[in-house]
A.B. asks: 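Just dropping this structure here.
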Protein chains: 2
Amino acid sequence: MARQTIAETGEALTGHQTTQPDLGVLAARVLLSVQRELFTALAEQGFDDIAPRAGAVLAHLRTEGIRASEVARLSGQHKQVIGSLVDDLEHLGYVERRPDPADRRAKLICPTERGLLQMQAAASIMRAIEERHAAVLGTAEYAAFKTALNRVAELQQQAGHDSRTV
Amino acid sequence: MARQTIAETGEALTGHQTTQPDLGVLAARVLLSVQRELFTALAEQGFDDIAPRAGAVLAHLRTEGIRASEVARLSGQHKQVIGSLVDDLEHLGYVERRPDPADRRAKLICPTERGLLQMQAAASIMRAIEERHAAVLGTAEYAAFKTALNRVAELQQQAGHDSRTV
DNA sequence: CAAATTAGTCACCAATCTTGACTGTCACGT
DNA sequence: ACGTGACAGTCAAGATTGGTGACTAATTTG
């Protein structure tokens, strides 16, 4: 798995080991380890031809299709990157490009049958991962955690947006 | 966040917008937006010569120094990557290599005065970010969230470790 | 002392990200 | 209707980044 690489792996900068790691370090750890588990499990289920970086597209697929530029916005990646990812996924048979009836400039990225199977598999794996955490933390506590994480992600994205503008 | 990346930015694969995004997508969003805000703020405070990828090293710096291979383990990056990052940070005057008195093979990566200032600045910025979230969610709720995130990161890293072995 | 391990580096290759320019298409104001 | 500006997507090139294997030096093992 990447990058990503997360890219690979930018993190925050405080972190004496003695103190609690900060939000950035924790987010990085969760992301990397979730990615690793998810794509390992996917590979075991036969989806062994996709890399974590393709997740930027796959994570935002919908049965009705989605525009490339919307994927770019949601994933924070450039349009060119999305384009090449879609190229790859198209060759691998996970998605296909269809013209958008509502806008002749745009093309909808639609999952194929294989793409749908992959979406279901990924959703199932992620559900299992989260249920495992919920079993340790407690169902109610995990739900509260997830809600808070959602909220933090929203808040932080607004702030990140502002500071990008600066 | 890179970078990137955070990679890119591999994410999970479920995500109809109608349902709540999964753990991987949320972690990616938090990581990317925190990185963006942190490094923007650092740049405004005069630390404009460091990129998010350098965070892999900076996040694990300690005043007493730390070995390159330990940074590699903590950050999940290869030794070579750490080596080149340390090269850069050394030229920029953030860290210096000192021989490890305990092992003549090893070199300790120690922050310079500027490195210490940067560490303090980063810690302060991250504190401000987290306090902002705490103000919205409530102090107690945010503390609970942070604790849960820590726990999830631990659990997930164990799982990720296992699946890497497979 | 010889063998196996570990820390760090060098050099090379592959993958990835970023930028700028370019073609169609849409939306808006006149 | 028409010109202007904005947006969707693609092409192509450059720079950055990441991964791999081999190598030296020092430590540990037996």
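No hydrogens, no waters, no symmetry mates; every other heavy atom, side chains included, goes into these values. Letters go in sequence order (proteins before strands), and every chain restarts at 1. This structure is a prediction, so every number in the text was calculated from the model and none was measured.
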A.B. asks: State, to the nearest 10°, the angle formed by the axis through the first five base pairs of the helix from C:dC1-D:dG30 to C:dT30-D:dA1 and the axis through its last five.
C.D. replies: 40°
A.B. asks: Check side-chain contact (heavy atoms from CB on, under 4.5 Å) between B:Ala134 and all other residues, then give those that pass, not counting sequence neighbours.
C.D. replies: B:Tyr142
A.B. asks: At what distance, to the nearest 0.5 angstrom, does CG of A:Leu32 lie from CD of B:Gln77?
C.D. replies: 8.5 Å
A.B. asks: Just how far, in rounded Å, is P of D:dC7 from CD of A:Glu70?
C.D. replies: 15 Å
A.B. asks: Nearest-Å distance, CZ (A:Arg73) to C1' (D:dG9)?
C.D. replies: 14 Å
A.B. asks: If you measure from the Lys or Arg side-chain nitrogens to the Asp or Glu carboxylate oxygens, is any gap between B:Glu70 and B:Arg62 under 4.0 Å?
C.D. replies: yes
A.B. asks: OP1, OP2 of C:dG8 versus side-chain N and O of B:Ser69: anything below 4.0 Å?
C.D. replies: yes
A.B. asks: Check salt bridge (charged side-chain N to carboxylate O under 4.0 Å, His left out) between B:Lys146 and all other residues, then give those that pass, not counting sequence neighbours.
C.D. replies: B:Glu130
A.B. asks: Show me the protein contacts with nucleotides 20-23 of chain C, counting only N or O atoms at under 3.5 Å.
C.D. replies:
unit_1: C:dG20; atom_1: O6; unit_2: A:Gln80; atom_2: NE2; d: 2.8

A.B. asks: Under the side-chain hydrogen bond (donor to acceptor under 3.5 Å, both in side chains) test, which residues partner B:Glu154, sequence neighbours left out?
C.D. replies: B:Arg151
A.B. asks: Apply salt bridge (charged side-chain N to carboxylate O under 4.0 Å, His left out) to B:Asp100 and list each qualifying residue two or more places apart in sequence or on a separate chain.
C.D. replies: B:Arg67
A.B. asks: Enumerate, atom names and distances included, each donor-acceptor pair closer than 3.5 Å involving a side-chain atom of residues 45-52 of chain B, sequence neighbours excluded.
C.D. replies:
unit_1: B:Asp49; atom_1: OD1; unit_2: B:Tyr94; atom_2: OH; d: 2.6
unit_1: B:Asp49; atom_1: OD2; unit_2: B:Arg114; atom_2: NH1; d: 3.2
unit_1: B:Asp49; atom_1: OD2; unit_2: B:Arg114; atom_2: NH2; d: 2.9

A.B. asks: Apply salt bridge (charged side-chain N to carboxylate O under 4.0 Å, His left out) to A:Arg105 and list each qualifying residue two or more places apart in sequence or on a separate chain.
C.D. replies: A:Asp103
A.B. asks: Determine: side-chain N/O of A:Arg53 to OP1/OP2 of C:dT16, distance under 4.0 Å, yes or no.
C.D. replies: yes
A.B. asks: Taking side-chain hydrogen bond (donor to acceptor under 3.5 Å, both in side chains) as the definition, give me every residue that meets it alongside A:Glu90, ordered by chain and number, with sequence neighbours left out.
C.D. replies: A:Arg97
A.B. asks: Could you state the interatomic distance from CD1 (B:Ile66) to CG (B:Leu108), rounded to the nearest 0.5 Å?
C.D. replies: 9.0 Å
A.B. asks: So does B:Glu37 pair up with B:Arg132, basic N to acidic O under 4.0 Å?
C.D. replies: yes
A.B. asks: OP1, OP2 of C:dC17 versus side-chain N and O of A:His78: anything below 4.0 Å?
C.D. replies: no
A.B. asks: Atom CD of B:Gln77 and atom P of D:dT17: how far apart are they, to the nearest Å?
C.D. replies: 11 Å
A.B. asks: Go through residues 81-109 of chain B and report each residue with a non-hydrogen atom lying under 4.0 Å from DNA chain C, sorted by number.
C.D. replies: B:Arg97, B:Arg105, B:Ala106, B:Lys107
